[in-house]
Asker: 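Here it is: the structure, laid out below.
What you see is a predicted model; the values in this text were computed from it and never measured. So that the names make sense, note that chain A is the first sequence line, chain B the second, and so on, each numbered from 1.
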Amino acid sequence: MSKSALVVDDSATMREMVSYTLKQAGFEPLVGKNGQDGLEQLSGAPMDLIITDLNMPVMDGLAFIKAVRARDEYKFTPILMLTTESQADMKAQGKAAGATGWLVKPFNPEMLLQVIAKVVPKT
Amino acid sequence: MKVDLKRFHETFFEEAFEHLATMEAGLLELETRGDDAELLNTIFRAAHSIKGGSGSFGFTEIARLTHVLENVLDRLRGGRLATEPALTALLLKATDLLRDLVEATRSEQAGTVPIDETVAALEATLSVEPAAAGPASARAPAGAGPGAVCEISFRPHAGFFRQGQDVFLLLQEVAELGEVLEAKCDRSRLPALEALDPEACYLSWTYRLRGVTSEAAVRDIFMFVEDACDLMITTVAETTASSSAAAPASAGALAPKRQADASSIRVPTEKVDALINLVGELVIAQAMVSQVASGMTGEGLIQIQEALGMVVRSTRDLQERVMSIRMLPVGSVFNRFPRTVHDLALSLGKHVRLEISGADTELDKSVIERLGDPLTHLIRNSVDHGIESPEERVRCGKPEEGVVHLRAFHEGGSVVIEIADDGKGLDRERIRQKAVAQGLVRADAVLADEDIHALLFRPGFSTATVVTDVSGRGVGMDVVKRNVDALNGAIIVSSVAGQGSRFRIRLPLTLAILDGLSIQVGREIFIFPLLAIAQSVRPAPGAIKTVLGGRGEIFVLRGEQVPLLRLDRLLGIAGAVTDPYQGIVVVLESDSCRFGVLVDDVLGQSQVVIKSLEQNYRKVDAVMGATIMGDGRVALIMDVVELHRIAVRRQDETEAAAAEADAETGAEAVVTASVP
């Protein structure tokens, strides 16, 4: 059975790359262009993994993570945030907002899968 | 799984051009609108996105240019740089250059666009405020070593699950780090059901692992939960002393709070020794209490015994833990030898392979420390004298490459370290001739293998025809013996001509505590190391037979014949049981041979603290130490290997004496006196 995932990033390249990698790993990913868009994708159906960028227009990643955690269905869903080296303090803020882990950009698909393995059980 | 990133290139390029347009428009607008935060953020985000993608796809030139561009924009955004026309112009110029670069990259000609000058110009605007060097990767790896035991204590905070963390995943990863020696779950914080919050975490775990490569590997697993748990990583017994010594020196300047340092501490050996001594006293005290309690009757006895049982368990635990502080894997000595053998073989023109096994066998630190020299000497000897030249080996029908085995293993309560080679073996005749020449033995003397081997350890004795710079100057073997003796150890040589020789060093596991069986002979109590005991039985009628015309006895146990010793005769104890069928035969194992010892009674099994006889009295053959029993009596702890050796020698001497009718009976070997 495939697992569900949501990828939120304002960059189409990133959305495509992450989604494609997730598909290879047996996920069926939904995408959102920013935090607001991402929230709208969450219908209340169970979600195995959420990956979000932090710096996005309209609604940024931190606000998105907080909003997701506030919803009962997604209280315990693993959320990975995409950060950069220059955003070290963002990790702490993201964690405080409820993020499960992070992935530092730039990354390649292998690195992404390694981090996913840290937060999503293998089926 | 391998993902081909090429399929995303086109999306990236298209998006990059969109971002470039955004940047250009934004920068132009900046000139009229000034420092608009949202505008700056948009420009920054565009540059940031290009950088992110380029890094993933390995477009290093684009990444280099956008990186510095992003830094400048970040300063602008944060108000640490002012938007001046000159700077905006530079940024526009950089944007144009970036567009050229992206286009060139798309047609795979990235190298044709020179960016150095612009990068330098952008960097110059940053140099007002030096860019912080990223210390993130400078974390020094904490050397743990393959044999070290790593203890990981992981205590998630109550809100652990609210971050979407999965304990099971983490523990699974931990278990894959190395060989799990122990895994414990602490449920003590679990509240009553009414008070339990099902979304909170109350459990914590402790893992003991062997073979964890580094503390960093452990921290890596917990990287996402560092803030959501209490994590303690303790590495017991570092394999190389130098790695722990070197680490603080190199890491001294950086990383003010390095958790790796906080979780393993260096303690002076004396403190550990004091602790071991104290635990030893505690064990004695506990034995005394147990003994008193066993003589009690009446009310509350069951409770006392239950409580005592707990004390006994805890004491044992405590003792093991304290002892383990001092234990190190022998691998820490072994690991220097592959190099030794390699270099030596090379210089001698030989092919030698060193095979090591049992490197994780643990020994007391003080024993390990004094093991290096004797082992080095024996191994050099094996390579130099034992292993033949390749030509000679081929002539003998052996493979060109010689093998030296270095093994460590447990046997009968001690650790044996064995150096065996498949070389030519000891040259009996040459040793003999040399000994005769040096006046050590008479020319017509008949020498047993043992005598030949004993000669090897005589000071100044060497058989090497040519003195090499490796070995053969006659110094060493006697020193080897002295070193091993000093460790309460024994060294045994065996050799078969043409097949190789073997040096076995038997060492006590620890110099402090022993599991023993107390036995009674007459009014004396002795302790045998429990690990040396095969079994103890009351002999069935007819199981003991007299051999050698009444000078020896054997004990037949289920068809197996073992020599029988009478401890009372050997030690000269009066009042012991003389009818063997009234006593008990304890079958002991030493150096892969078995023998029985006749004793009056077996009193029981107990853990004894070894008090050195040598330090308090003097070295006595066949006695490895003394201990104080629960009732305050002193008992001698027997060295089984030595006991056997002495018994055999005594028997030989008796035979010799009987044969030659010589008055001299020799050995004054073992004292029976109590320890002062």
Side-chain angles (χ1 to χ4, degrees), chain A residues 9-21 23-26 49-50 53-57 60 65 68-69 74-80 82 84-88 91-92 94-102 104-115 117-122, chain B residues 1-5 7-16 18-19 38 41-42 44-46 48-60 63 67 70-71 74 131-132 134-137 159-166 168-170 172-173 199 220-228:
Chain A
D9 201 310
D10 58 331
S11 153
T13 314
M14 277 299 157
R15 283 200 303 273
E16 273 193 31
M17 186 178 123
V18 173
S19 299
Y20 182 81
T21 309
K23 277 181 201 156
Q24 301 295 305
L49 173 68
I50 295 173
D53 191 18
L54 289 178
N55 196 334
M56 292 182 291
D60 70 12
I65 293 170
V68 172
R69 281 281 181 253
Y74 307 110
K75 233 193 252 181
F76 304 123
T77 305
I79 304 178
L80 288 176
L82 304 177
T84 55
E85 287 287 1
S86 54
Q87 291 173 297
K91 282 182 200 164
K95 293 287 292 183
T100 310
W102 60 83
V104 177
K105 290 191 281 190
F107 55 87
N108 58 40
E110 283 76 26
M111 289 156 71
L112 175 62
L113 291 176
Q114 273 172 22
V115 174
K118 287 179 98 70
V119 297
V120 181
K122 294 172 205 98
Chain B
M1 190 189 84
K2 192 81 194 154
V3 176
D4 184 10
L5 289 174
R7 57 167 63 236
F8 307 115
H9 285 187
E10 202 41 47
T11 318
F12 167 76
F13 292 129
E14 271 167 31
E15 203 178 23
E18 278 172 37
H19 287 312
E38 187 44 45
N41 213 2
T42 307
F44 172 83
R45 202 152 52 220
H48 182 72
S49 288
I50 299 177
K51 181 188 138 183
S54 63
S56 296
F57 300 132
F59 302 146
T60 50
H67 176 70
E70 186 196 60
N71 279 349
D74 193 37
S137 59
F160 190 76
F161 300 130
R162 299 217 174 90
Q163 282 187 351
Q165 307 294 358
D166 187 333
F168 182 64
L169 271 178
L170 292 168
Q172 238 177 357
E173 267 196 85
E199 294 183 357
D220 193 48
I221 291 176
F222 294 96
M223 66 185 282
F224 290 159
V225 299
E226 269 178 337
D227 57 332

Asker: Side chain, backbone, both or neither: which part of B:F168 has an atom under 4.5 Å from a heavy atom of chain A?
Answerer: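 For B:F168, neither part sits under 4.5 Å from chain A.
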Asker: Name the region of A:A99, side chain, backbone, both or neither, that has any atom closer than 4.5 Å to a heavy atom of chain B.
Answerer: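 The answer is the backbone of A:A99.
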Asker: For chain A, find which of B:Q165, B:H9, B:R45 contributes the most heavy-atom pairs closer than 4.5 angstrom.
Answerer: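 That would be B:R45.
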Asker: Under 4.5 Å from any heavy atom of chain B, what part of A:T77 do you find: side chain, backbone, both or neither?
Answerer: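 Contact with chain B involves the backbone of A:T77 alone.
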Asker: Give a yes or no on this: more than 12 heavy atoms of other residues, nucleotides or ligands lie within 6.0 Å of atom NZ of A:K23.
Answerer: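 Open: at most 12 neighbouring heavy atoms sit under 6.0 Å from NZ of A:K23.
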Asker: Mind ranking A:M111, A:M17, A:M56 by heavy-atom pairs under 4.5 Å with chain B and telling me who comes out on top?
Answerer: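 Highest number of pairs under 4.5 Å: A:M17.
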Asker: OG/B:S49 to CD/B:E70 distance, rounded to the nearest 0.5 angstrom?
Answerer: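 Taking OG in B:S49 and CD in B:E70, the distance rounds to 9.5 Å.
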Asker: What about the rings of B:F160 and A:F76, do their centers lie closer together than 6.0 Å?
Answerer: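 Aromatic pair excluded; centres sit 6.0 Å or further apart.
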Asker: A:I50 versus chain B, heavy atoms under 4.5 Å apart: side chain, backbone, both or neither?
Answerer: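 For A:I50, neither part sits under 4.5 Å from chain B.
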Asker: Just so I understand: if I count every heavy-atom pair under 4.5 Å between each of B:E199, B:E18, B:E173, B:H19 and chain A, which residue has the most?
Answerer: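 Of B:E199, B:E18, B:E173, B:H19, B:E199 has the most heavy-atom pairs under 4.5 Å with chain A.
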Asker: About how many Å separate OG1 of B:T11 and CZ of B:F57, when rounded to the nearest 0.5 Å?
Answerer: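 Going from the CZ atom of B:F57 to the OG1 atom of B:T11 covers 7.5 Å.
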Asker: Would you call the rings of B:F8 and A:Y20 parallel, tilted or perpendicular if under 30° counts as parallel and over 60° as perpendicular?
Answerer: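 The rings of B:F8 and A:Y20 stand perpendicular, inter-plane angle above 60°.
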Asker: Does a side-chain heavy-atom distance below 4.5 Å link A:V119 with A:L49?
Answerer: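 Sidechains of A:L49 and A:V119: in contact.
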Asker: Could you tell me which portion of B:E15 (side chain, backbone, both or neither) has an atom closer than 4.5 angstrom to a non-hydrogen atom of chain A?
Answerer: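 For B:E15, the contact with chain A is made by the side chain alone.
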Asker: For each of B:D166, B:N41, B:D227, B:T42, tally heavy-atom pairs with chain A at distances under 4.5 Å, and name the one with the top tally.
Answerer: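 Highest number of pairs under 4.5 Å: B:D227.
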Asker: Select one option (side chain, backbone, both, neither) describing which atoms of A:A117 are under 4.5 Å from chain B's heavy atoms.
Answerer: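 For A:A117, the contact with chain B is made by the backbone alone.
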Asker: Looking at A:R15 and A:D10, does any basic side-chain N land under 4.0 Å from a carboxylate oxygen?
Answerer: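 Here A:R15 does not pair with A:D10 in a salt bridge, since their nearest N and O are not under 4.0 Å apart.
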